[in-house]
Amino acid sequence: MAKIGNIELGDFPLLLAPMEDVSDPPFRALCKEQGADVVYTEFISSEGLIRDAAKSVQKLDIYDKERPVGIQIFGANLESMLRTVEIVEQSNPDFIDINFGCPVKKVVSKGAGAGILKDIPLMVKLTEAMVKHTHLPITVKTRLGWDHDSIHIHEVAERLQDVGTQAIAIHGRTRAQMYKGKANWTPIAEVKNNARIHIPIFGNGDVDSAEKAVIMRDTFGLDGAMVGRASIGNPWFFKDVKHFFKTGEHAEPPTLEERIATAKRHLEMAIAWNGEHAGIFETRRHYTNYFKGIPNFKEYRLKMVTSDTKEEVFAAFEEVLEKFA
Ligand SMILES: Cc1cc2nc3c(=O)[nH]c(=O)nc-3n(C[C@H](O)[C@H](O)[C@H](O)COP(=O)(O)O)c2cc1C
């Protein structure tokens, strides 16, 4: 049984990865319905949040139906991060996750995200201060190291655990790799198998099939799988993995009708949450996967992603349904 603090997550939980512009409340709700055991918000800038930036504040929206939910924050300044913890606490998430893994230049250049992998003492100091500053469990999501010559995850995990981190999700790439190459789960398993480590270690990177989730569980012995890209436009991924764990077989894939019904509901929830303009924009990135396998989908996709009203997008969905059902 994996646990974050006192929160029981079951055996080998599936975690929806924090993803900017993807893991917003509508998408988290869909993934939860399909079996995600834990969900994370998109990352939230501590500097944005303490300045009350609308974009950062909106990302604090969480709902009871999606619990357990972690709010993810990033930053590198101690005072800002502590103030951020106070603000985040008011939203009452189940835990607070610190992003020490984002490879994007504008984050890293400020020493935040994966940038902090160059300053492990600061990483430990920030984490310790945050643990002491809140009653909520603090978790960390990070990468193997800055680059190939600095894979310090073994030391990092021990030190983060020693200052009170309650779980660590590790993406099996370095910052230098960005998203290139293949995620390496071996160092993650080494962390898990370190006799000193007793907190859950979740594996992340390239879990894009139920078979790979089984390998992460059985061959690498990790405590859970965090799924990012494979879930985009495919919340059924979680259901399939769960089914595969239970039966050794894949779940029935969703029918076109189900896919369209979900795409519609996704759009409706996004509009209800964020207004028509932003709701339409945000859901666009899911369509390629929602409609995977449709021949010549490009033509329909173009309509979906250039439509400015809900009615137009729905009409494009209906056209696909009529043609291919
Ligand atoms: C569109 C997108 C946005 C992301 N945003 C975040 C983020 O806000 N916080 C974070 O920790 N990681 C973020 N990531 C990284 C993912 O959480 C995950 O570590 C990475 O995609 C590898 O997992 P995967 O192979 O299952 O996708 C993002 C990834 C993608 C593709």
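We count residues from 1, following the sequence as given.
- Between the side chains of Ser150 and Asp147, at least one donor N or O sits under 3.5 Å from an acceptor N or O.
- Minimum heavy-atom separation, Asp61 to Arg28: O-NH2, 2.9 Å.
- Applying the ring pair (Phe, Tyr, Trp, His ring centres under 6.0 Å) test to residues at least two apart or on different chains, none of the pairs has a partner in residues 126-154.
- A donor and an acceptor atom, one from each side chain of Glu89 and Thr134, are located under 3.5 Å apart.
- Taking 4.0 Å as the cut-off between side-chain N and carboxylate O, Asp11 and Arg217 do not count as a salt-bridged pair.
- With Ile153 as the partner, the side-chain contact (heavy atoms from CB on, under 4.5 Å) test is satisfied by one option alone out of Thr174, Leu160, Val191: Val191.
- Using a 4.5 Å heavy-atom cutoff, the side chains of Phe245 and Leu14 are in contact.
- One finds the CD1 atom of Ile170 at 6.0 Å from the CD1 atom of Ile188 (value rounded to the nearest 0.5 Å).
- Residue Asp37 is tested with Lys242, Lys32, Arg67 for a salt bridge (Lys or Arg N to Asp or Glu O under 4.0 Å); the sole match is Lys242.
- Glu20 and Lys59 are joined by a salt bridge, as a carboxylate oxygen and a charged side-chain nitrogen come within less than 4.0 angstrom of each other.
- Within a 6.0 Å radius of CD in Glu252, no more than 12 heavy atoms belonging to other residues, nucleotides or ligands are found.
- Using cut-offs of 30° and 60° on the angle between ring planes, the pair His250 and Phe244 is tilted.
- Contact of the Thr127 side chain with the Phe100 side chain is registered, since non-hydrogen atoms from C-beta on lie closer than 4.5 Å.
- Between Ile280 and Leu267, the closest side-chain pair of non-hydrogen atoms falls below 4.5 Å.
- Looking at Phe202 and Pro13, their side chains come closer than 4.5 Å, going by heavy atoms from C-beta outward.
- Tyr40 does not carry Lys141 over the face of its six-membered ring by the limits of under 6.0 Å from the centre and within 45° of the normal.
- Counting heavy atoms from C-beta on, the side chains of Lys192 and Ile197 never come closer than 4.5 Å.
- A cation-pi arrangement, defined by a distance under 6.0 Å to the six-membered ring centre and an angle within 45 degrees of its axis, is absent between Arg173 and Tyr179.
- A side-chain hydrogen bond (donor to acceptor under 3.5 Å, both in side chains) with Tyr290 holds for exactly one of His266, Arg259, Arg301; it is His266.
- Among Phe297, Phe317, Phe291, Tyr300, the single residue meeting the ring-ring contact (aromatic ring centres under 6.0 Å, His included) criterion with Phe324 is Tyr300.
- Counting only residues at least two apart or on different chains, the side chain to side chain donor-acceptor pair (under 3.5 Å) pairs with a member in residues 44-53 are Glu47-Arg51, Glu47-Ser80.
- By the 4.5 Å heavy-atom criterion applied to side chains, Arg284 and Val313 are not counted as neighbours.
- The one candidate from Leu49, Ile96, Ile71 that meets the side-chain contact (heavy atoms from CB on, under 4.5 Å) condition with Thr84 is Leu49.
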